[in-house]
Every structure is written in structure tokens, then in C-alpha cells.
Colleague: 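Quick one: structure below, then a few questions.
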Amino acid sequence: MTGLELKTAVEAGLEEIRPFLQRDHGDIELVSIEDDKHVKVRLLGTCVGCSVNQMTLKSGVELTIKKHAPQILTVKDVSGETLKEDHRDSIDL
């Protein structure tokens with residue numbers, strides 16, 4: 001599978017699971033696919049901080065993504081992580 005085909009397959013998996021999350025006022029977005037094996041997603045809405053979000057991630061999201069893209073090994077939620085900045089503006093004084 002090419003990179004674009006893999007992304008399309010992962011997005012198809014997210015589209016399949018999304019209505020169930022939205023029914024409970026949550027959502028999900030794809031953050032990245034690393035080494036064509038590891039998917040990072042961000043849970044949104046009421047999914048953030050939900051007491052069963054890890055179960056939803058493993059039993060729902062991960063299984064659905066793997067159904068569409070079997071080579072995916074892991075799915076990780078990065079909702080609580082701060083993204084690193086690639087650079088900062090500098091000001092000459």
C-alpha cells in the first residue's frame with residue numbers, strides 16, 4: 001500500500017467509527033501515520049477525559065482501522081499531549 005492508499009484506508013476506518021463517537025458528542029481526527037505502522041489520533045469532544053476512552057480506542061477505533069489497513073500495529077491517542085514546536089520566531093534586539 002502506498003502512503004496515500006494507507007492514509008485513505010485509515011481515514012475510511014475513522015469514518016466508519018466516527019458516527020458512534022459523534023452520537024455521544026465526541027469525534028476523532030487523524031494526527032499522523034508513522035513508519036506505515038503506527039497511527040496517532042486525537043479524540044475530541046466528550047471523548048476527551050471519558051472514563052472508557054481507552055476501551056473505545058482499543059476495542060473500537062484500533063480494530064476498525066486494522067480492518068481497513070491490516071499492517072497498522074498500534075493506534076495511540078495523543079489528545080493530552082502537547083505538540084512540539086518545530087521552531088520559534090526570534091527577535092533581534
Side-chain angles (χ1 to χ4, degrees):
M1 219 181 258
T2 67
L4 181 58
E5 290 170 330
L6 181 59
K7 183 179 180 197
T8 300
V10 170
E11 289 283 6
L14 293 178
E15 284 302 316
E16 184 177 326
I17 197 75
R18 185 169 276 123
F20 299 101
L21 300 174
Q22 290 175 337
R23 184 178 57 211
D24 291 326
H25 307 288
D27 209 342
I28 193 167
E29 67 181 4
L30 177 62
V31 174
S32 65
I33 302 172
E34 297 177 359
D35 302 324
D36 292 341
K37 297 176 189 168
H38 308 285
V39 173
K40 289 186 179 181
V41 296
R42 181 173 293 115
L43 294 171
L44 304 167
T46 56
C47 291
V48 178
C50 175
S51 62
V52 294
N53 71 9
Q54 290 306 306
M55 185 175 68
T56 298
L57 189 67
K58 292 293 179 191
S59 299
V61 176
E62 188 171 294
L63 288 177
T64 304
I65 288 174
K66 287 180 176 182
K67 180 173 76 172
H68 290 269
Q71 71 269 37
I72 296 300
L73 300 177
T74 63
V75 177
K76 180 180 178 187
D77 172 34
V78 295
S79 300
E81 296 180 14
T82 303
L83 299 176
K84 293 181 182 176
E85 292 184 30
D86 291 332
H87 64 284
R88 292 189 179 266
D89 293 335
S90 61
I91 301 173
D92 293 325
L93 297 175

Colleague: Taking only distance into account, with no hydrogens and no angle test, what donor-acceptor pairs under 3.5 Å do side-chain atoms of residues 61-71 form with protein atoms, sequence neighbours excluded?
Modeller:
residue	atom	partner	partner atom	Å
Glu62	OE1	Lys58	NZ	3.0
Glu62	OE1	Val75	N	3.3
Glu62	OE2	Lys66	NZ	3.2
Thr64	OG1	Gly60	O	2.7
Lys66	NZ	Leu73	O	3.3
Lys67	NZ	Glu16	OE1	3.2
Lys67	NZ	Glu16	OE2	2.6
His68	NE2	Glu16	OE1	2.7

Colleague: For residues 20-28, dump all side-chain donor-acceptor pairs below 3.5 Å to protein atoms at least two apart in sequence or in another chain.
Modeller:
residue	atom	partner	partner atom	Å
Gln22	NE2	Asp27	OD2	3.2
Asp27	OD1	Arg18	NE	2.7

Colleague: Verify the cluster assignment for Ile17 and Val41: are they in a single hydrophobic cluster under the rule of side-chain heavy atoms below 4.5 Å apart?
Modeller: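 Yes, same cluster.
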Colleague: Are Leu6 and Ile72 close enough, and set up right, to give a side chain to side chain contact (heavy atoms under 4.5 Å, CB included), and what steps lead you there?
Modeller: CA-CA 9 Å; Leu6 181 59; Ile72 296 300; 4.1 Å; yes
Colleague: List the atom pairs, donor and acceptor, that lie under 3.5 Å between side-chain atoms in residues 29-37 and the rest of the protein, sequence neighbours left out.
Modeller:
residue	atom	partner	partner atom	Å
Glu29	OE2	Arg42	NH1	2.6
Glu34	OE2	Lys40	NZ	3.3

Colleague: Does anything in residues 2-11 pair up under side-chain hydrogen bond (donor to acceptor under 3.5 Å, both in side chains), and if so which pairs, sequence neighbours excluded?
Modeller: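 Residue pairs with at least one partner in residues 2-11: Thr2-Glu5.
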Colleague: Checking one residue: Met55. Which other hydrophobic residues are in its cluster under the side-chain 4.5 Å linking rule?
Modeller: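 Joined to Met55, directly or through intermediates: Val52.
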Colleague: Identify, with sequence neighbours excluded, every residue that meets side chain to side chain donor-acceptor pair (under 3.5 Å) alongside Thr74.
Modeller: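 Partners of Thr74 by the side chain to side chain donor-acceptor pair (under 3.5 Å) criterion, ordered by chain and then number, come out as His38.
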